[in-house]
Amino acid sequence: MSKNKSPIIEIHGTGIHNRGAELMSIAISEKIKSIYPDAQLVVSSNFGFPSDISRYGFRPTFSIESLSKKAFISLFAGIFTGKTVNPAKVDVVLDASGFAFSDQWGARGAKKLYYKMNILGRSSQLLILMPQALGTFNNDDVKDGCKKLFERAALVFPRDTISYQCVTSLYNEKNNKIKQCPDFTIAVKPKADESIQLPKNFVGIVPNIRMLDKLDNKESYLSFLRKSVDTIVKYQMTPVFIVHDAHEDSNVVKLLGEGYQDFLIVQHEDPQVLKSILGKAQFVIGSRFHALVSTLSQGVPCIGAGWSHKYPELFSDFSTRESLIDDLADLEALENQISLLSQSNYRSEKSNEIMLAATKLKGQINEMWVIVLNEIEQHLNKTRNK
């Protein structure tokens with residue numbers, strides 16, 4: 001570790017808009033602080049309101065990356081309190097956008113980050129793309145924008161095999177800066193909140209408003225959730241809705257109709273507390289990616305539904321691919337999975353398989369951090385010796 005002044009490290013692409021993004025912030029913060037205890041961790045002003053930024057010990061930069069109300073409030077609060085950081089003073093930018101650089105989301109995110117990293121004062125800053133889903137890149141504008149961004153980065157970590165194939169397909173030969181690594185929030189520890197009362201033998205259901213945005217047949221997802229509730233009750237367990245974003249996902253529950261809104265809905269601003277709650281479930285039915293990660297990383301079986309390649313890749317990583325429902329209209333497959341997981345012996349066997357996979361994945365994450373921290377240290381030594 002460098003003995004010079006502590007680094008200023010910016011976390012890009014996260015915020016309080018959903019708990020998965022917060023988990024990525026927590027994972028980065030915990031690791032960086034364990035190596036550089038005096039490091040300044042900064043985020044853009046659109047991360048959240050001032051209380052959200054200060055809660056994690058972050059400081060805002062005085063750049064505006066969105067025109068949201070919270071961004072302006074955080075910017076002016078930071079200026080007033082003297083907590084803002086000049087973006088030109090940042091040493092390292094760690095991007096944790098999660099899933100922003102792909103055909104599904106268009107070229108804007110990649111172009112925006114590429115521009116940010118090449119403006120005056122930032123062109124010499126180290127950029128690392130932390131493990132995240134990447135691709136596809138079939139659209140030429142997306143492909144060009146993402147390739148420029150990847151070339152600007154010192155390291156790019158596709159989170160899964162398909163993401164890795166998408167990125168490497170942009171190059172004619174092997175590129176050593178591209179290294180596959182699973183989602184790094186697996187290692188974040190849960191945090192108990194004893195004030196939360198949960199029913200016995202409950203099954204967590206984690207809705208995702210994005211399923212309604214991304215699927216052609218929105219009703220199929222609502223029918224999937226209704227069938228989940230009905231079948232859980234049939235097997236004498238209790239459904240509990242666990243909301244894993246700041247506010248939008250609770251709207252999905254409202255759309256389910258009469259009789260489906262009477263079950264307990266659990267929300268919490270701390271994603272580590274939500275992880276603890278997910279860990280207490282008999283099993284979980286979910287479609288929020290990081291809720292599924294938080295569940296599987298604790299050995300709790302899941303039934304999943306998703307809208308991109310990151311979902312089947314995640315379930316494959318945890319040796320439970322058969323638990324992902326590929327066709328939401330196949331309600332028989334859903335009922336069969338719930339039937340299996342209602343049996344304690346099957347759940348126990350499945351849990352052991354998942355935990356073995358989780359142990360392997362945690363080892364890969366440790367290896368990733370060794371590479372990242374070595375790259376950071378080399379960069380700090382080089383820039384400070386100038």
Side-chain angles (χ1 to χ4, degrees), residues 160-161 182-183 185-187 189-190 192 198-208 211 220-221 223-242 244 256 260 263-264 266 274-307 309-364:
D160 55 75
T161 302
D183 185 84
T185 67
I186 292 172
K189 291 181 171 56
L198 297 166
K200 293 182 179 180
N201 298 323
F202 79 92
V203 177
I205 301 179
V206 184
N208 184 356
M211 294 287 285
S220 67
Y221 180 55
S223 296
F224 174 89
L225 293 176
R226 294 186 193 105
K227 182 66 172 181
S228 297
V229 172
D230 294 343
T231 311
I232 291 166
V233 172
K234 173 184 172 182
Y235 285 102
Q236 299 181 328
M237 293 178 287
T238 304
V240 173
F241 289 103
I242 302 171
H244 209 263
L256 295 179
Y260 293 94
F263 296 99
L264 178 64
V266 176
L274 290 174
K275 185 168 186 173
S276 174
I277 293 168
L278 291 165
K280 294 175 181 177
Q282 298 295 306
F283 59 93
V284 168
I285 302 174
S287 37
R288 268 284 174 194
F289 181 85
H290 278 102
L292 295 168
V293 173
S294 289
T295 305
L296 292 166
S297 63
Q298 299 179 86
V300 176
C302 282
I303 299 170
W307 53 271
H309 70 263
K310 64 183 183 178
Y311 292 92
E313 290 294 295
L314 174 68
F315 276 72
S316 295
D317 282 346
F318 278 97
S319 301
T320 186
R321 177 63 181 84
E322 73 283 356
S323 299
L324 183 72
I325 308 299
D326 295 304
D327 180 4
L328 293 185
D330 190 354
L331 298 181
E332 183 178 351
L334 171 63
E335 183 164 8
N336 288 340
Q337 284 296 317
I338 295 174
S339 174
L340 287 170
L341 289 173
S342 69
Q343 303 168 32
S344 59
N345 288 341
Y346 179 85
R347 274 201 316 275
S348 179
E349 291 173 5
K350 179 53 65 177
S351 178
N352 290 336
E353 292 176 10
I354 293 169
M355 281 305 297
L356 284 174
T359 300
K360 180 181 177 181
L361 295 172
K362 288 174 183 176
Q364 294 173 12

Under the side chain to side chain contact (heavy atoms under 4.5 Å, CB included) rule, what do V266 and L198 come out as? Steps first, then yes or no, please.
CA-CA 9 Å; V266 176; L198 297 166; 4.1 Å; yes
What are the two closest heavy atoms between [X] and [Y], and how far apart are they?
X	Y	result
L324	A305	CD1-N, 3.7 Å
A357	D317	CB-O, 3.5 Å
V284	A281	CG2-CB, 3.9 Å
M237	F283	CE-CE2, 3.7 Å

Which residues satisfy the side chain to side chain contact (heavy atoms under 4.5 Å, CB included) test with [X], sequence neighbours excluded?
X	value
S323	F315, T320, Q337
P239	I205, V229, I232, V233, F263
N336	E332
P199	F202, T238, V240, L264

Candidate pair I186 and F318, rule side chain to side chain contact (heavy atoms under 4.5 Å, CB included), full reasoning:
CA-CA 11 Å; I186 292 172; F318 278 97; 3.8 Å; yes
Using a 3.5 Å distance criterion without hydrogens, assess whether the side chain of [X] forms a donor-acceptor pair with backbone atoms of [Y].
X	Y	value
S348	N345	no
Y235	L341	no
S339	E335	no
Q282	S342	no
Q298	L278	no
S351	R347	no

Between R321 and D326, does any side-chain N to carboxylate O distance fall below 4.0 Å?
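Here R321 pairs with D326 in a salt bridge, since their nearest N and O are under 4.0 Å apart.
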Does the pair K350/E353 count as a salt bridge with the N-to-O cut at 4.0 Å?
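The answer is yes: the pair qualifies as a salt bridge.
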Please identify each residue that fulfils side chain to side chain donor-acceptor pair (under 3.5 Å) with S228, with sequence neighbours left out.
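Checked S228 against side chain to side chain donor-acceptor pair (under 3.5 Å); zero matches.
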By side chain to side chain donor-acceptor pair (under 3.5 Å), which residues pair with Y346, not counting sequence neighbours?
none
Is there side-chain contact between [X] and [Y], with heavy atoms separated by less than 4.5 Å?
X	Y	value
Y311	L292	yes
Y260	L225	no
W307	S287	no
T295	V206	no
D160	L314	no
T231	L334	no
M211	L328	yes

Could you state the interatomic distance from [atom1] ([X]) to [atom2] ([Y]), rounded to the nearest 0.5 Å?
X	Y	atom1	atom2	answer
D183	S294	CG	OG	8.5 Å
Y221	L256	OH	CG	8.5 Å
N352	S319	CG	OG	12.0 Å
S220	D330	OG	CG	12.0 Å
I303	I285	CD1	CD1	4.5 Å
Q236	N201	CD	CG	10.0 Å

Quick one: do the K362 and S297 side chains pair a donor with an acceptor below 3.5 Å?
no
